[in-house]
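Along the sequence shown, residues are numbered consecutively beginning with 1.
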Amino acid sequence: MHGIGKNLYEITKTIQYYILTIMSLFKVPTPKNEPVLSYAKGTKEREVLAECLKNMRSREEHIYMNIGGEAIKGKNKIRMFCPHDHKHTLGYFYEGDADHVHKAMEASLRAREQWSKLEWEQRASIFLKAADLAATTYRYKLNASTMLAQSKNVYQAEIDAACEFIDFLRFNVAFMREIYETQPESSQGVWNRMDYRALEGFVFAITPFNFSSIAGNLAVAPALMGNTVIWKPAYQQVYSAKIIMDILTEAGLPKGVINLLLVDGPIAGDIIFKNPHFAGVHFTGSTSVFQQIWKSISNNIHTYKSYPRIVGETGGKDFIVAHNSADIKALATAIIRGAFEYQGQKCSAASRAYIPDTIWEELKNILIKEVQSLTIGGPENFYNFINAVIDAKAFQKITGYIEKAKKSPEVTIITGGNYDDTDGYFIEPTILLTTDYKYSTMCEEIFGPVITIYVYKAQEFHSILEVVNNTSPYGLTGAIFSQDRYAIAMATDKLKDAAGNLYINDKPTGAVVGQQPFGGGRYSGTNDKAGSLFNLLRWVQPRTIKENFIPPQDYKYPFQL
C-alpha cells in the first residue's frame, strides 16, 4: 500500500508539472516601460503631434455613451472646452440619465458569463493589442486630447496618456499570469489547485480628470481579470476617455465588457449601489466622495450577493522634508517639479515642505529665480511649462487659498500669487512661506500650483519629523532630502505611516508602473497599489480545489484501532 501511495504521489506531481508546463507555454511578452518620446525641436514626433493638435482643435467632436457596444446619445448636450482657452469649444458629449444606468448594468450582466469564461490568454491578447495600438496608431490622439481638454503640456501628456497607459496594459497582463501561476502545494494522493474567478456581478469604475492613464486602468484592470465594468469618467476627461474606448474596441474587446457611462455621479451611484449584482468599485477622486461611496455601500450591504470590493485612491497632502545635509540644487528642482508640474493637479504633488534654516536663504534665491523663469500658457506651445487649471471651480478654490494667504500675518508670498481667468484658468506657480506649521495650506489639500514652506531650526530635525507625520490626515507620497544616511534612516522610520510612496532624494511624483507601485493609506485610500499584482488580486475571487485520488473507505483513524 505504501508503494502504491508513493507511486500516486509521483503521478500527482507529474500531472502538476505537465499542467504548469503547458500553462507556461503561454508566455506573455516581457513588459518593458514604454520609452518616453522627447518631442524636442526638429523631431518627427513633435511635427506629427503639432499637426494632430491642429486637426483636433479645428473640429467639434461629438461623444456618445458606449453601452453594450452601441453608441447611445443622451439628451443633455454638454460642451467640452480647453481650460487654457475656455471660450474655444472642442465639441460636445451627450449626458445620459437613470435609464442609461439600468441599461449599462443589464449590458454588463449579459456580457459577464461569456467574458468571465474566456481563457486568460484570449483576454490578454486583447489588452496587449490595445497597448500596441496606443503606442502607435492612437498615440498622438491620446496625447492631443489630453493636452487640449485637460491642459497638460506635451511631456506631462506623453508620460501619462501614452506611456503610463501602455505600461498598465502590458504589465497587468504579466501580473495576471503571475497570479494564475501561484498554486498551492499538494500532499500524497491529493491534488490542490487554485482557481481565480471573476467577481460575481459587475464593477463600477469612477475615474478622475487628471490622468488619462489612471482613468483607463481603473476600467481595464478589473476587465482583464474577467469582470465586466461600468466606467464613469470625470466629465473633464471625456475626450480622452472616448479615445481609450476607441482603442479597446479596435483591439477586439467584446460588447458590454466595458460600458462607458456619461451620467451624473450621484444619479449613477444611487442606482448602482442598490443593485444586488454590484461587486466592487474602482475609484480615484476626492476623499469626501469616496467616503460617501463607502457609506452608500454600507447602507446597502444587506442587498448584495457578496461583499463588494472597495478600492480607492483619494488624494494627498504630500511633503518634502529636507535635512541640513541636502543637496540644495536637487532639492530646488524637486520642489519645482514636484509642486508645479501639471499645475499641482496630481494626488502626489508636493504641497508642503520643511526646510532647515541653515540652507533656506540659498534655496530661496534659487527657487525665486527658477520659478519666475517658468513659462505659462497653452500646451499647444510646446515651450510652456505651466498650463491652466482644469475649470472655474478649481480656479476659484485655489485662488481662494492665495487670497487668504495674502491677508494672513503668518504668511509671506515668496513668488507668484497672481492669476487670471480672462481667457484661460491660469494661476502663477506660487510659493508661500509660513511661520505656523499648522497653517491651513500646510494641512489641507489644494490641488493646484501652490506649495507652502515652513522653515525649522536645523537641530530640530527629529522634532520636525513628528510634525510632518502628524500634520496631515493623508498618507500618499513624501520625499526626504539628505546626504546623511543616519538622517535618511531616521526619517524613513519616523514617516513609515505618512506615505505609501516614499522618495529619497527625488520628487514625490512620477511613480512608474512596475517600478513604484502606487497608493497610500490614511485618508489617501485603500493602498491597493496600482501598477502591481496587488491591485489585480482585488478583482478575483480565489477558489481552492482539492481532489483526493484515493478517498478514505473507513471513518476510523489509526488511534481508534
TODO: Classify the angle between the aromatic ring planes of Phe290 and Phe283 as parallel (below 30°), tilted (30 to 60°) or perpendicular (above 60°).
DONE: parallel
TODO: Run the salt-bridge test on Lys364 and Glu362 with the 4.0 Å N-O cut-off and return the result as yes or no.
DONE: no
- [ ] Name all residues meeting the ring pair (Phe, Tyr, Trp, His ring centres under 6.0 Å) criterion together with Tyr64; count only those two or more places apart in sequence or in a different chain, and write none if there are none.
- [x] Tyr94
Open item on the list: We want to know whether Tyr239 and Gln150 form a side-chain donor-acceptor pair, criterion being a heavy-atom distance below 3.5 angstrom.
Closed with: no
TODO: Enter the distance from Thr471:OG1 to Met442:CE here, rounded to the nearest 0.5 Å.
DONE: 6.5 Å
- [ ] Evaluate side-chain hydrogen bond (donor to acceptor under 3.5 Å, both in side chains) for Lys346 paired with Ser348, printing each intermediate quantity in order.
- [x] CA-CA 5 Å; Lys346 299 183 180 184; Ser348 58; 5.9 Å; no
Task: Lys32 atom NZ: more than 12 heavy-atom contacts under 6.0 Å - done: no
Task: Among Arg46, Arg57, Lys54, salt bridge (Lys or Arg N to Asp or Glu O under 4.0 Å) partner for Glu380 - done: Arg57
Open item on the list: Regarding Arg139 and Glu158, does a basic nitrogen lie under 4.0 Å from an acidic carboxylate oxygen?
Closed with: yes
TODO: Return the minimal non-hydrogen interatomic distance between Val455 and Asp357, and the atom names on each side.
DONE: CG1-CA, 3.6 Å
Open item on the list: Evaluate Phe447 against Gln343 for side chain to side chain contact (heavy atoms under 4.5 Å, CB included), listing each step before the verdict.
Closed with: CA-CA 8 Å; Phe447 223 65; Gln343 299 74 260; over 6 Å; no
TODO: Answer with yes or no whether the side chains of Ser145 and Ser240 bring together a donor and an acceptor at under 3.5 Å.
DONE: no
TODO: Before accepting this row, confirm whether a basic side-chain N of the pair Asp97/Lys75 lies closer than 4.0 Å to the acidic partner's carboxylate O.
DONE: no
TODO: Using a strict 4.0 Å threshold on nitrogen-to-oxygen distance, state whether Lys152 and Asp160 make a salt bridge.
DONE: yes
- [ ] Begin with the C-alpha distance, continue with both residues' side-chain angles, and end with the deciding distance and a verdict on side chain to side chain contact (heavy atoms under 4.5 Å, CB included) for Asn172 and Phe175.
- [x] CA-CA 5 Å; Asn172 279 351; Phe175 295 144; 3.7 Å; yes
TODO: Determine, stepwise, if the pair Glu61 / Lys242 fulfils salt bridge (charged side-chain N to carboxylate O under 4.0 Å, His left out).
DONE: CA-CA 10 Å; Glu61 189 75 29; Lys242 188 262 183 188; 3.4 Å; yes
Open item on the list: Apply side-chain hydrogen bond (donor to acceptor under 3.5 Å, both in side chains) to residues Glu313 and Ser524 and explain how you reach the verdict.
Closed with: CA-CA 6 Å; Glu313 192 266 291; Ser524 290; 5.9 Å; no
Open item on the list: Can you tell whether the side chains of Arg170 and Asp132 come within less than 4.0 Å, N to carboxylate O?
Closed with: yes
Task: With sequence neighbours excluded, residues passing ring pair (Phe, Tyr, Trp, His ring centres under 6.0 Å) with Tyr235 - done: Phe93
TODO: Give the intermediate values and the outcome of side chain to side chain contact (heavy atoms under 4.5 Å, CB included) for residues Gln372 and Thr415.
DONE: CA-CA 7 Å; Gln372 290 180 353; Thr415 186; 3.5 Å; yes
Open item on the list: Does any part of the side chain of Gln237, heavy atoms only, come nearer than 4.5 Å to the side chain of Phe211, both counted from C-beta?
Closed with: no
- [ ] Return the minimal non-hydrogen interatomic distance between Ala161 and Thr146, and the atom names on each side.
- [x] CB-OG1, 3.3 Å
Open item on the list: Tell me whether the NZ or CZ atom of Lys77 lies within the 45° cone about the ring axis of Tyr92 and under 6.0 Å from its centre.
Closed with: yes
Task: Min side-chain heavy-atom separation Cys82-His88 under 4.5 Å - done: yes
TODO: To the nearest 0.5 Å, tell me how far Asn143 CG sits from Lys141 NZ.
DONE: 13.0 Å
TODO: Could you pull out all residues at least two apart from Phe382 that satisfy ring pair (Phe, Tyr, Trp, His ring centres under 6.0 Å)?
DONE: none
Open item on the list: Checking Asp167 against Asn33 for the side-chain hydrogen bond (donor to acceptor under 3.5 Å, both in side chains) test, could you report, in this order, the C-alpha distance in whole Å, the side-chain angles of both residues, the deciding distance, and whether it holds?
Closed with: CA-CA 6 Å; Asp167 287 349; Asn33 293 114; 3.0 Å; yes
Task: Full working for side chain to side chain contact (heavy atoms under 4.5 Å, CB included) between Asp85 and Leu148 - done: CA-CA 9 Å; Asp85 184 9; Leu148 291 170; over 6 Å; no
Open item on the list: Working note: Asn501 + Gln516, criterion side-chain hydrogen bond (donor to acceptor under 3.5 Å, both in side chains); need CA distance, chi angles, decisive distance, verdict.
Closed with: CA-CA 8 Å; Asn501 282 58; Gln516 298 98 29; over 6 Å; no
Open item on the list: Among residues at least two apart in sequence or on other chains, which ones pass ring pair (Phe, Tyr, Trp, His ring centres under 6.0 Å) with Phe165?
Closed with: none
Task: With Asp391 via salt bridge (charged side-chain N to carboxylate O under 4.0 Å, His left out) - residues at least two apart - done: none
Task: Residues forming a salt bridge (charged side-chain N to carboxylate O under 4.0 Å, His left out) with Glu403, sequence neighbours excluded - done: Lys406
Task: Val220 vs Ile258 side-chain heavy atoms within contact, under 4.5 Å - done: yes
Task: Note, Leu502 side chain near Thr477 side chain (heavy atom, < 4.5 Å) - done: no
Open item on the list: Does His84 form a ring pair (Phe, Tyr, Trp, His ring centres under 6.0 Å) with Tyr425? I'd like the steps, not just the answer.
Closed with: CA-CA 6 Å; His84 48 277; Tyr425 300 112; over 10 Å; no
- [ ] Answer yes if the ring centres of Tyr419 and Phe395 are under 6.0 angstrom apart, and no otherwise.
- [x] yes
